[in-house]
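What follows is one structure encoded as structure tokens, with my remarks underneath.
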Amino acid sequence: MPELVLHNTLTRRRETFVPQDPSHVRMYVCGPTVYDLAHLGNARPVVVFDVLARLLRRLFPRLTYVRNITDVDDKINARAAESGEAIGDITRRTTADFHADMAAIGALPPDIEPRATAHVGEMIALIERLIAGGHAYAAEGHVLFAVASFAQYGRLSGRSPDELLAGARVEVAPYKRDPGDFVLWKPSTEELPGWDSPWGRGRPGWHIECSAMSWRYLGETFDIHGGGSDLLFPHHENEAAQSLCAFPDSRFALTWLHNGMLLVNGEKMSKSLGNFVTLRDVLAAGEGEAVRLLLLKTHYRSPLDFSWAALSEAQRELDRLYRGVEAAPDAEAETPDEMVEALCDDLNTPRALAYLYALAAGARAGNHRTAGRLRGAGALLGLLQADPARRLQEIEQLNARGVTRADIEALIEQRTSARLTRDFARADAIRAELAGHGIVLEDGSGGTTWRRG
RNA sequence: GGUCCGGUGGCAGAGUGGCGAUGCAGCGGACUGCAAAUCCGCGUAUGUGGGUUCGAUUCCCGCCCGGACCUCCA
């Protein structure tokens, strides 16, 4: 079994991954705040950590993968206030949309998907521990974390408290002892969601939910914590501070993994910049699997610049890979060591894909066993698992574009007759007609076949 | 301004102290009535100036450029 090497943000270097308990790996990944449709940037960590989960399941006997749903947040409240839709309806609908979108790009569900609102009790318990330990204080209905009480504050994100202060451009609330102190609990008005607590009716701050849910499902110390690089500060820094102070003997997450940002024209895709493309938009233009391939073509720590041209390129590449699968659909899947090794190299998906292309070429050339290895290698990446005949099903959808399967087959018959009488003008006319409907004909030794172009 | 990351062929994108992967696109060829698909072949790249070294794209320093974070954000 190859050694898994991962780049740990905490140490900023590549490290051999050694789980606390080799018989049970524990991983936590920050999930979505459910107030709006997921965009392509939101999909990247999901796909990246889905590949990691598949790899970990192969390398270790057991994995518990937790990815939360944050369903209490001021952005959700704001959305409800704007639209008039009930908060519960927004979060339920958005969660369902998220599940559907992630399934469309081949991401398996995590083992546990806890919702923040179901863990307010744990959050309150954590906050009480922090107050008892002198790491938090109540002020004007809020409870704040005292960054000065934690000497290691800033270690994860590589900042000193002074630097943070120097860069602070945010207005400092008067009840904060230190500008860097952050909210653990805040008071809610009647209209806002709230829970009874020792500090009155209120709601949790942004970071505490992850500390609560990782603690509940993975314990005080666990192996891997993942998320987007934009979460490194303040979210992960604060999360770590809370958890380490609440459990002074723990180490919280041993390995921190951060994926790079998705860019559009060289700039980060984000809701606030308005340059985002929802997954729905992307899925209307290409297969979910092509989107997945697109996301895996770049190493997870590098930025990835999205373009529609890049998506269609991924679509072309995927089609070609599937031609390898189609060459021997019944071949027994087998996972090549080379694929595992590529992924063990800090999840080097570009290297893994290069190997996949080589397997596809072998499979197209008629090597049956290679076709099985292609299928098995694809499985580790969450690719190439569809029935090759899926193309025909997709073509059925082209009915709306003016041709049915029966039309296509009838035209092919006419064309075959024309070709037999060497009426090539007629044959070419038929091919051109089908091409107009996005159908490409291929004259092979066994007759004429067709596919989506 | 501070911190961090990165600059590789037309595009995308890896690796590596010593012949610079892979894919897409392009070009040539085989095959085809013509195509498509497939196969074979070809071309062009390591931002810039120094340093270390027998040798640097790879290590070190400066510069230029780009991005992220420092504020809600995957």
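Chain identifiers are assigned alphabetically (A, B, ...) following the order of the sequence lines, protein sequences preceding nucleic acid strands; residue numbering begins at 1 within each chain.
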Worksheet item: Please give, in whole Å, the distance from B/A12 C1' to A/H299 NE2?
Response: 16 Å
Worksheet entry | Whole angstrom value for the distance that separates P of B/U38 from CG of A/D319 | 10 Å
Worksheet item: Is there a donor-acceptor contact under 3.5 Å from the side chain of A/E289 to the main chain of A/G106?
Response: no
Fill in: Pairwise C1' distance for B/U46 and B/A14, with rounding to whole Å
13 Å
Practice prompt. Name the nucleic acid region contacted by A/G260, choosing base, sugar-phosphate or nothing; use a 4.0 angstrom heavy-atom cut-off, strictly under.
Written response: base
Worksheet item: The side chain of A/S229 lies closest to which of these nucleotides: B/A68, B/G23, B/G33?
Response: B/A68
Fill in: Cationic tip of A/R159 above A/F233 ring, under 6.0 Å, 45° of axis
yes
Practice prompt. Please report, rounded to the nearest Å, how far the C1' atom of B/G23 is from the CG atom of A/L359.
Written response: 14 Å
Worksheet entry | 5' priority, RNA chain B, between A/E317 and A/L304 [closest heavy atom] | A/L304
Worksheet item: Looking only at side-chain N and O atoms, does A/T298 come under 4.0 Å of OP1 or OP2 in B/G13?
Response: yes
Worksheet item: If you check every side-chain atom of A/K268, which of B/C69, B/A14, B/A74 has the closest atom?
Response: B/C69
Fill in: Inter-nucleotide C1' distance (B/G49, B/C65), Å rounded
15 Å
Item to complete: Look at all strands and tell whether A/D73 reaches a base, only sugar-phosphate, or nothing, counting heavy atoms closer than 4.0 Å.
Response: nothing
Worksheet item: Between A/N259 and A/Y355, which is nearer to the 5' end of RNA chain B once each is assigned its nearest nucleotide?
Response: A/Y355
Worksheet item: Among B/A74, B/G23, B/C70, which nucleotide sits nearest the side chain of A/E313?
Response: B/G23
Practice prompt. Check every strand shown and say whether A/G41 touches a base, only sugar-phosphate, or nothing at a heavy-atom separation below 4.0 Å.
Written response: base
Worksheet item: For A/R320 and B/U38, is the shortest distance between a side-chain N/O and OP1 or OP2 below 4.0 Å?
Response: yes
Fill in: Pairing partner of B/C69 (Watson-Crick or G-U wobble, both distances under 3.5 Å)
B/G2
Worksheet item: If you check every side-chain atom of A/R316, which of B/C72, B/A36, B/C24 has the closest atom?
Response: B/C24
Fill in: Spacing of the P atoms in B/G10 and B/C64 (rounded, Å)
26 Å
Worksheet item: Whom does B/C31 pair with, Watson-Crick or G-U wobble, provided both distances fall under 3.5 Å?
Response: none
Worksheet item: Starting at NE2 of A/H258 and ending at C1' of B/G6, how long is that distance when rounded to a whole Å?
Response: 18 Å
Worksheet item: Relative to the ring of A/F222, is the ring of A/Y28 parallel (under 30°), tilted (30 to 60°) or perpendicular (over 60°)?
Response: tilted
Worksheet item: Can you name the closest pair of heavy atoms from A/Q152 and A/E237 and give their distance?
Response: O-OE2, 4.2 Å
Fill in: Interatomic distance at P, B/C24 relative to B/A37, whole Å
11 Å
Worksheet item: Under a 3.5 Å cut-off for both distances, is B/G26 Watson-Crick or wobble paired, and to whom?
Response: B/C42
Worksheet item: Is the phosphate of B/C24, meaning OP1 or OP2, less than 4.0 Å from a side-chain N or O of A/K297?
Response: no
Worksheet item: Rounded to the nearest Å, what distance is computed from the CZ atom of residue A/R351 to the P atom of nucleotide B/U8?
Response: 22 Å
Discussion item. Salt bridge check, A/D71 against A/R92: does any charged N sit closer than 4.0 Å to a carboxylate O?
Written reply: no
Worksheet item: Roughly how far apart, to the nearest Å, are B/U52 and B/A45 at atom C1'?
Response: 25 Å
Discussion item. Can you measure A/Y300 atom OH to B/C5 atom C1' for me and round it to whole angstrom units?
Written reply: 13 Å
Item to complete: Searching all strands shown, indicate the nucleotide that pairs with B/C59 (Watson-Crick or G-U wobble; both distances under 3.5 Å).
Response: B/G51
Worksheet entry | Nearest-Å distance once atom P is located in both B/A36 and B/C31 | 15 Å
Discussion item. Using a heavy-atom cut-off of 4.0 Å across all strands, would you classify A/L353 as base, sugar-phosphate, or nothing?
Written reply: nothing
Fill in: Nucleotide B/U3, atom P - distance to CG of A/L10 in whole Å
20 Å
Discussion item. Taking only the P atom of each, what is the distance from B/G18 to B/U58 in whole angstrom?
Written reply: 11 Å
Worksheet item: Has A/R419 got a side-chain N or O lying under 4.0 Å from the OP1 or OP2 atom of B/G33?
Response: no
Item to complete: State which of B/G13, B/A36, B/G33 makes the closest approach to the side chain of A/P350.
Response: B/G13
Worksheet entry | C1' atoms of B/G17 and B/C5, separation to the nearest Å | 23 Å
Worksheet item: Do the ring planes of A/H258 and A/W256 sit parallel (below 30°), tilted (30 to 60°) or perpendicular (above 60°)?
Response: parallel
Fill in: Nearest-angstrom distance from the residue atom CZ of A/R159 to P of B/C70
7 Å
Worksheet entry | Donor + acceptor pair across side chains of A/N68, A/T70 (<3.5 Å) | yes
Item to complete: Between B/C72, B/A36, B/C69, spot the one nearest the side chain of A/K75, thanks.
Response: B/C72
Item to complete: With the side chain of A/R12 defined as its heavy atoms from C-beta on, choose the nearest nucleotide among B/A74, B/C72, B/C4.
Response: B/C4
Worksheet item: Parallel, tilted or perpendicular: which describes the rings of A/F182 and A/F145, with under 30° parallel and over 60° perpendicular?
Response: parallel
Item to complete: Between B/G33, B/G67, B/A74, spot the one nearest the side chain of A/F424, thanks.
Response: B/G33
Discussion item. By the 4.0 Å heavy-atom rule, please label A/L232 as base, sugar-phosphate, or nothing.
Written reply: nothing
Worksheet, complete the sentence: With the side chain defined as heavy atoms from C-beta on, A/R364 is closest, among B/C70, B/C34, B/U38, to B/U38
